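A note on names: the letters A, B, ... follow the listed sequences, proteins ahead of strands, and every chain is numbered from 1. Predicted, not measured: the structure shown is a model, and the values here were computed from it.
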Number of protein chains: 4
Amino acid sequence: MAPLNEEQLHQIRDERREQILGAAIKVFARRGIIGTKMSMIAAEAGISHGLLYHYFSSKEELFTTLIEDAMEGAEAATRGVYELPGTPIEKIRALSMEMLDESGTPYFMLIHHARTSDGVPDKVKELIDRHDMNAFIERLLPLFREAQQAGEIVEGSPEELISSYLSVLSGLMVLNAQGIEGYRLPDVDMLLRLIARP
Amino acid sequence: MAPLNEEQLHQIRDERREQILGAAIKVFARRGIIGTKMSMIAAEAGISHGLLYHYFSSKEELFTTLIEDAMEGAEAATRGVYELPGTPIEKIRALSMEMLDESGTPYFMLIHHARTSDGVPDKVKELIDRHDMNAFIERLLPLFREAQQAGEIVEGSPEELISSYLSVLSGLMVLNAQGIEGYRLPDVDMLLRLIARP
Amino acid sequence: MAPLNEEQLHQIRDERREQILGAAIKVFARRGIIGTKMSMIAAEAGISHGLLYHYFSSKEELFTTLIEDAMEGAEAATRGVYELPGTPIEKIRALSMEMLDESGTPYFMLIHHARTSDGVPDKVKELIDRHDMNAFIERLLPLFREAQQAGEIVEGSPEELISSYLSVLSGLMVLNAQGIEGYRLPDVDMLLRLIARP
Amino acid sequence: MAPLNEEQLHQIRDERREQILGAAIKVFARRGIIGTKMSMIAAEAGISHGLLYHYFSSKEELFTTLIEDAMEGAEAATRGVYELPGTPIEKIRALSMEMLDESGTPYFMLIHHARTSDGVPDKVKELIDRHDMNAFIERLLPLFREAQQAGEIVEGSPEELISSYLSVLSGLMVLNAQGIEGYRLPDVDMLLRLIARP
DNA sequence: TATGAATGAGGTTTCATTCAT
DNA sequence: AATGAATGAAACCTCATTCAT
């Protein structure tokens, strides 16, 4: 009886959902949760604002969904670093490039907004608490220890090394995600000097 | 019941003005222009929101005033670097420390918000355009050239070196200004490795 | 794949129509015209909300249709009272029971909503004006006069007697139609004491 | 320093609050919580809709405040019945008149809406549960028992007597509160026949 | 006939700004 | 100078209604 079969409907829903998520991440990344108006997302996605609410029940839910995805992505990236080929520092280099990559930064910017804004839903606060810097450090600890043993990076507390290095990367990602004139993303090889043994 | 004389009134006005500006920079730095409500500034300054409008005609004007001050401060800091004692890289080191210093970052955060937000008055956009990264680069160019000639920092385009190095500092200031748990501000000496000759 | 013939289609249309009207009266009775969403009616009827608009062009039309039916039903009930067996007060008793009867109250509740709400279409207002309390009074006047002459009910203006008695019944129907805990529908015999000669 | 002293401000706030509550009860009583728009209350009170939110943080809170008052009023009325002069049935008569009195009915209508509507805040549901019909019955039980012993009202379960009688009163209040043409509020003496011994 | 995606008018709520005192 | 009551534009969200399939 149905005029469109279930599969077609499912496909439309999925496409629209992705379309909205894609539009939302763009706008949220640039403007944060308060600065983003639902009408902006709708306009970016090329749909009416009413339709947003067929797919996400509120601005909060939309934001939370994106944060969840971003968290998963960030986690996967750090986990996946061990699968990469090469010496330890080559793996760190590859991870750095991935993090600074254009496509990844909006997600990172989103996390930045989630950390720093105030109108952020409680669910997101929990998510962030569970996926905080310490989790990253722990996941990267074996890799940095290995690199130290191989004499590829400087001595000293590997935890501090990781958190300092990630902070530099984070700061750059935040700047980069805005797409602002004037800032220059440094070369990965320049960044590696922060930790590399001379 | 003799009224205050003109001088006393003038003094009150000036004190209040500073009080408001101090409160405003704190709040703006943390929340950006959209996320900041006039009532927050009033509360931070310990006055009524109505009184704000005796001193600044709008949120825009208040923000713009702060940006102007911040620009001047940043300019002064880079100009002043030549007066500092020591070798070129010691001057760069001192400038870096000043930029990352707690007291300076709110101003920097403000500029960051001004660059990245959209609800920013046109006057501010002009200010930013006039004081952009290129201006900084030009002011620091002699210093970096000198450092290269002294063999203290690496070879290569000094412009690129400056803009990369300032971008790293900027990113860190942005993170730092938020006062968020988890991020670790790297040591200045670690940062200098980005540009220092091994 | 032969399409249904015209008669079958007609039958489907009629069934659907009744199905929708039945669902609508339930929901409207409980929630009134503003509180009722088209999606509620669709859900109650087990169809899609889009289909509602094949049968009724708007919420207004649906509501109006129900009111028309309810009015006719109420009129028929009061007219039919004369056909009932027994003495006058026995007829009044039977009419009272019918009005308080579970199945009749949703219609009455509907009329109540139509009287008291504001989002009510003009056509409904006209309907109500034409079928108002006075019409009921006039139709019941002979019956009550007869009952007075038979010494079964108290003396006094029969019009006032009827309108007071109907108001009590109406109030109870309104309470009853909501199906709320706590209210107790009085016995018909108790109610008859309002008008019965001791 | 304050341009208006505290007392004057307090008085303004109190007056406005009462003004708003008075306007709100009128509109809520007629239209229920969903049917009432904040702009209607503002218009009725002769103020801007924005000002409503200086005094009540939401439509919910405004409604809840009114319900609390209404509950207290209803409770006080039934408690106070024992202080009234006269025989038991005279006290019941006085209570009945008070309940049907013009000024009391909007409050009662409010409770009716709270009971029957769906958009009602949870806090209100709790309030209603705590002040339900059973509470009324218990408070009136001694009075009705006394009246039975004095032979003033009919025999039988006093609980049923009370709840039936209160239901009739409730139904009438609901009709009455709407101020609709056509319904006639019966005489108190007529109503007393429901329970009075012949 | 039947479905549910899509639209947009209208309601609730927030907050920058004005103004009487 | 100082306060806080008051206003209204603009944002979020709901839901009656339309329309492609």
Check the distance between [N]'s [atom2] and [X]'s [atom1] and give it to me in whole angstrom.
| X | N | atom1 | atom2 | result |
| --- | --- | --- | --- | --- |
| Glu61(A) | dC13(F) | CD | P | 11 Å |
| Leu62(C) | dT17(F) | CG | C1' | 14 Å |
| Gln11(D) | dA20(E) | CD | P | 20 Å |
| Ile20(A) | dA6(E) | CD1 | C1' | 11 Å |
| Leu52(B) | dA1(F) | CG | C1' | 13 Å |

* What nucleotide, of dG4(F), dA5(E), dT1(E), holds the atom closest to the side chain of Leu9(A)? ->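 Nucleotide nearest to Leu9(A)'s side chain: dA5(E).
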* Toward the 5' end of DNA chain F, by each residue's nearest nucleotide, Leu51(D) or Glu60(A) -> Leu51(D)
* To do: For Ser58(C) and for Ser58(A), find the nucleotide of DNA chain F with the closest heavy atom, then tell me which residue's nucleotide is more 5'.
  =>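 The 5'-side residue here is Ser58(A).
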* **Identity of whatever pairs with dA20(F) - Watson-Crick or G-U, under 3.5 angstrom** =>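 dA20(F) is paired, partner dT3(E).
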* Does any nucleotide pair with dG8(E) by Watson-Crick or G-U wobble geometry, both distances under 3.5 Å, and what is it? -> dC15(F)
* To do: To the nearest 0.5 Å, tell me how far Glu61(A) CD sits from Leu66(A) CG.
  => 10.5 Å
* To do: Can you measure from CE (Met40(A)) to CZ (Arg30(A)) and round to the nearest 0.5 angstrom?
  =>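 Output value for this atom pair is 10.0 Å.
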* Would you kindly compare Tyr53(D) and Lys59(B) by the position of their nearest DNA chain E nucleotide and give the one closer to the 5′ end? =>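 Nearest nucleotide further toward 5': that of Tyr53(D).
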* Using distance alone, with no hydrogens and no angle criterion, decide if Glu15(C) and Gln11(C) have a side-chain donor and acceptor under 3.5 Å apart. => yes
* To do: Check for a donor-acceptor pair, side chain of His113(D) on one end and backbone N or O of Ala29(D) on the other, with a separation under 3.5 Å.
  =>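 Present.
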* **Side-chain donor/acceptor contact of His54(B) with base of dA2(F) under 3.5 Å** =>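 Present.
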* To do: Classify the side chain of His49(A) versus the base of dC12(F) as yes if they form a donor-acceptor pair under 3.5 Å and no if they do not.
  => no
* To do: Please determine if a side-chain N or O atom of Tyr55(D) lies less than 4.0 Å away from the OP1 or OP2 oxygen of dA6(F).
  => yes
* Asked: Closer than 4.0 Å, any side-chain N/O of Arg16(C) to the OP1 or OP2 of dA2(E)?
  ->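 It does, given that an N or O in the side chain of Arg16(C) lies less than 4.0 Å from OP1 or OP2 of dA2(E).
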* Using a heavy-atom distance cut-off of less than 4.0 Å, which residues of residues 33-48 of chain D contact DNA chain E? -> Thr36(D), Lys37(D), Met38(D)
* Answer yes or no: does atom CG of Asp14(B) have more than 12 heavy-atom neighbours from other residues, nucleotides or ligands under 6.0 Å? => yes
* Centre of Tyr55(D)'s six-membered ring, under 6.0 Å away, within 45 degrees of the axis: is that where NZ or CZ of Arg13(D) sits? ->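 Arg13(D) over Tyr55(D) ring: yes.
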* Are any of the side-chain nitrogens in Lys123(A) or Glu60(A) under 4.0 Å away from the carboxylate oxygens of its partner? ->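 Not counted as a salt bridge, because no side-chain N and carboxylate O are separated by less than 4.0 Å.
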